Amino acid sequence: MVAQIQELDALHWVKTRSSLDSTQSTFLMWTGKIYSFIPTEKRKLLFKMLGLSISRCIPTAEDSWNFTSRELTYYLDPETGEMLRKWENPWTGEILPVIHVANNPVQGKFQGKFPAHVEGDTTTFVFDIFPTYPNILAEDPKFAEYSPYATYQAAELFKLTVPTADLFNSELLSVSQLRLSWDRIGQWLPWMKMGDRSGNLIYSASGSKVGGLTELPQLLQDEINNRIPLYKQAPKAYLDGEDMTSWLYFQKHFQAYLAGEIFPLPETEDF
């Protein structure tokens with residue numbers, strides 16, 4: 001069967017990405033690998049990864065929702081799958097602290113129509129995103145060894161596949177199943193201390209929705225329960241201020257990085 005592209009209401013996207021129940025947090029997790037991609041060099045498997053988005057959609061008007069979320073991604077040893085605290089840069093030999101992703105918040109607005117590939121029993125939302133904006137670290141000479149490029153540029157390629165029937169079942173507030181495919185082309189992470197070395201990171205991941213904290217891999221449960229309980233739930237309201245990114249987080253916590261502290265830094269639960 002050939003997929004037909006249909007324009008679906010924002011409501012259907014909310015059920016896919018999060019939930020129509022604004023009192024509930026929705027957990028979406030992924031696993032994958034991160035490779036180096038340098039011209040003329042053979043690719044290296046640098047990390048395995050394990051990530052989580054915990055989100056909430058808050059209705060603001062008819063057919064309009066505020067999306068608010070928190071994200072974690074852990075960089076794991078490519079052989080053992082254990083969480084990395086330190087990383088040996090294979091190009092420089094330097095031992096560096098690892099800054100795992102702890103983006104709080106990541107937000108947006110869902111409204112209007114969302115194109116979807118409807119193919120019988122399954123529907124796939126496809127989003128190809130190419131963020132490009134000034135690199136905040138390039139403005140400060142102290143970050144020249146970490147991220148000197150004037151422009152941040154990446155490609156984020158998402159595919160989320162769900163049961164078609166779930167989208168149109170008015171009794172369901174969130175789809176019963178979701179398959180995530182996520183690929184990313186990005187610049188070297190600042191904590192890798194790659195300077196102006198040419199090349200990129202290639203991310204390849206897949207994932208799904210899970211029913212809650214207790215269904216997450218033990219690593220994530222342990223981290224959230226013991227070090228960062230803030231990530232037990234999504235923000236309860238849309239938060240003021242800009243989205244957190246790995247670059248902004250590095251800038252904000254640069255001294256903790258230099259001191260070799262363990263990341264993510266502890267964050268307590270908001271009551």
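Values below: every heavy atom of this structure, side chains too, minus hydrogens, waters and symmetry copies. Since the model is a prediction, treat every value here as computed from it, not as a measurement.
Leu167 is listed as a side-chain neighbour of Val162, based on a closest heavy-atom distance under 4.5 Å. Within the 4.5 Å cutoff, the side chain of Leu189 has no heavy atoms near those of the Tyr146 side chain. You'll find the side chain of Leu72 reaches within 4.5 Å of the side chain of Tyr231, heavy atoms only. Using a 4.5 Å heavy-atom cutoff, the side chains of Glu94 and Glu88 are not in contact.
Phe250 and Leu258 end up in the same hydrophobic cluster when Ile, Leu, Val, Met, Phe, Trp and Tyr side chains are linked at under 4.5 Å. Linking ILVMFWY side-chain heavy atoms closer than 4.5 Å, directly or via other members, places Ile58 and Leu20 in two distinct hydrophobic clusters. Both Met29 and Leu213 belong to a single network of hydrophobic side chains, linked directly or stepwise wherever heavy atoms of I, L, V, M, F, W or Y lie under 4.5 Å apart. With hydrophobic clusters built from ILVMFWY side chains whose heavy atoms lie under 4.5 angstrom apart, Leu52 does not share a cluster with Leu180. Clustering ILVMFWY residues whenever any of their side-chain heavy atoms sit less than 4.5 angstrom apart, transitively, puts Leu28 in the very cluster that holds Met244.
Ring pair Trp13/Phe158: centre-to-centre distance not below 6.0 Å. A distance of 6.0 Å or more separates the ring centres of Tyr35 and Tyr203. If you look at Phe263 and Tyr257, their ring centroids are not closer than 6.0 Å.
Listed here is the closest heavy atom pair of Ser53 and Ser69: OG-CB, 4.1 Å. The heavy-atom pair separating Ile34 from Leu45 by the smallest distance is O-CD1, 3.7 Å. Scanning both residues, Gln187 and Thr151, for their nearest heavy atoms gives NE2-O, 3.0 Å. Contact detail for Cys57 and Ser22: the closest heavy-atom pair is O-CB, 3.2 Å. When all heavy atoms of Pro148 and Gly195 are compared, the closest pair comes out as CD-O, 3.3 Å. Taking every heavy atom of both residues into account, Met192 and Leu46 meet most closely at CE-CD1, 3.9 Å.
Under the rule for a side chain to side chain contact (heavy atoms under 4.5 Å, CB included), the partners of Ala154 that lie at least two apart in sequence or sit in another chain are Pro131, Tyr152, Arg184. For the side chain to side chain contact (heavy atoms under 4.5 Å, CB included) test, residues two or more places apart in sequence or in another chain that qualify with Arg197 are Trp91, Thr92, Trp188, Met194. Listed by chain and number, the residues in a side chain to side chain donor-acceptor pair (under 3.5 Å) with Ser174 are Lys209 (sequence neighbours excluded). The side chain to side chain contact (heavy atoms under 4.5 Å, CB included) search around Leu157 returns Asp128, Phe130, Asp183, not counting sequence neighbours. Checked against side chain to side chain contact (heavy atoms under 4.5 Å, CB included), Ile136 has the following partners two or more places apart in sequence or in another chain: Leu248, Gln251. With sequence neighbours left out, the side chain to side chain donor-acceptor pair (under 3.5 Å) criterion links Ser246 to no other residue. Glu145 meets the salt bridge (Lys or Arg N to Asp or Glu O under 4.0 Å) test with no other residue; sequence neighbours excluded.
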Item to complete: Go through the steps for Ser206 and Trp182 under the test side chain to side chain contact (heavy atoms under 4.5 Å, CB included), then give the verdict.
Response: CA-CA 6 Å; Ser206 60; Trp182 171 54; over 6 Å; no
Practice prompt. Under the side chain to side chain contact (heavy atoms under 4.5 Å, CB included) rule, what do Leu230 and Thr268 come out as? Steps first, then yes or no, please.
Written response: CA-CA 5 Å; Leu230 183 67; Thr268 56; over 6 Å; no
Worksheet entry | Phe143 vs Phe254, side chain to side chain contact (heavy atoms under 4.5 Å, CB included): CA-CA, chis, key distance, verdict | CA-CA 9 Å; Phe143 296 121; Phe254 184 54; 3.6 Å; yes
Worksheet item: Under the side chain to side chain contact (heavy atoms under 4.5 Å, CB included) criterion, do Leu8 and Thr123 qualify, and how do the steps go?
Response: CA-CA 10 Å; Leu8 300 185; Thr123 293; 4.3 Å; yes
Exercise answer: donor-acceptor pairs, residues 98-118 side-chain atoms, under 3.5 Å, sequence neighbours excluded:
unit_1: His100; atom_1: ND1; unit_2: Tyr75; atom_2: N; d: 3.0
unit_1: His100; atom_1: NE2; unit_2: Leu84; atom_2: O; d: 2.8
unit_1: Asn104; atom_1: OD1; unit_2: Arg70; atom_2: NE; d: 2.8
unit_1: Gln107; atom_1: OE1; unit_2: Thr68; atom_2: OG1; d: 2.8
unit_1: Gln107; atom_1: OE1; unit_2: Leu239; atom_2: N; d: 2.8
unit_1: Gln107; atom_1: NE2; unit_2: Leu239; atom_2: O; d: 2.8
unit_1: Lys109; atom_1: NZ; unit_2: Asn66; atom_2: OD1; d: 3.0
unit_1: Gln111; atom_1: OE1; unit_2: Ser64; atom_2: OG; d: 3.4
unit_1: Lys113; atom_1: NZ; unit_2: Asp9; atom_2: OD1; d: 2.3

Side-chain polar contacts of residues 215-229 - donor-acceptor pairs under 3.5 angstrom, sequence neighbours left out - could you list them?
unit_1: Glu215; atom_1: OE1; unit_2: Gly211; atom_2: N; d: 2.8
unit_1: Gln218; atom_1: NE2; unit_2: Asp222; atom_2: OD1; d: 2.9
unit_1: Gln221; atom_1: NE2; unit_2: Thr214; atom_2: O; d: 3.1
unit_1: Gln221; atom_1: NE2; unit_2: Leu216; atom_2: O; d: 2.8
unit_1: Glu223; atom_1: OE1; unit_2: Tyr74; atom_2: OH; d: 2.8
unit_1: Glu223; atom_1: OE1; unit_2: Arg227; atom_2: NH1; d: 3.4
unit_1: Asn225; atom_1: ND2; unit_2: Gln221; atom_2: O; d: 3.1
unit_1: Asn226; atom_1: ND2; unit_2: Asp222; atom_2: O; d: 3.1
unit_1: Arg227; atom_1: NH1; unit_2: Pro264; atom_2: O; d: 2.7
unit_1: Arg227; atom_1: NH2; unit_2: Ile262; atom_2: O; d: 3.3
unit_1: Arg227; atom_1: NH2; unit_2: Pro264; atom_2: O; d: 2.7

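Just one residue in the list Thr164, Thr16, Thr161 forms a side-chain hydrogen bond (donor to acceptor under 3.5 Å, both in side chains) with Thr124, and that residue is Thr161.
Rounding to the nearest 0.5 angstrom, the gap separating the CD atom in Glu71 from the OG atom in Ser55 is 9.5 Å.
A parallel orientation is assigned to the rings of Phe125 and Phe127, their planes being inclined by less than 30° (bins at 30° and 60°).
Looking at Trp65 and Thr60, their side chains never bring a donor and an acceptor atom within 3.5 Å of each other.
Around CZ of Arg179, the count of heavy atoms belonging to other residues, nucleotides or ligands within 6.0 Å does not exceed 12. With a 6.0 Å radius and a threshold of 12 heavy atoms from other residues, nucleotides or ligands, Glu7 has its CD atom above the threshold. Counting non-hydrogen atoms of neighbouring residues, nucleotides and ligands closer than 6.0 angstrom, the NZ atom of Lys33 reaches no more than 12 such neighbours. For CZ of Phe37, the number of neighbouring non-hydrogen atoms (other residues, nucleotides, ligands) closer than 6.0 Å is 12 at most. Within a 6.0 Å sphere centred on CD of Glu82, other residues, nucleotides and ligands contribute 12 heavy atoms or fewer.
A side-chain donor-acceptor contact under 3.5 Å links Asp77 to the backbone of Thr80. Side chain of Asp166 to backbone of Ser176: a donor-acceptor contact under 3.5 angstrom is found. No donor-acceptor distance shorter than 3.5 angstrom exists from the side chain of Ser147 to the backbone of Leu137, with no hydrogens or angles considered.
For residues 10-26, no pair satisfies salt bridge (Lys or Arg N to Asp or Glu O under 4.0 Å), with sequence neighbours left out. Residue pairs satisfying the salt bridge (Lys or Arg N to Asp or Glu O under 4.0 Å) criterion with at least one member in residues 45-69, sequence neighbours excluded, are absent.
Other residues sharing the hydrophobic cluster of Ile5, ordered by chain and number and joined by side-chain separations under 4.5 Å: none, the residue standing alone.
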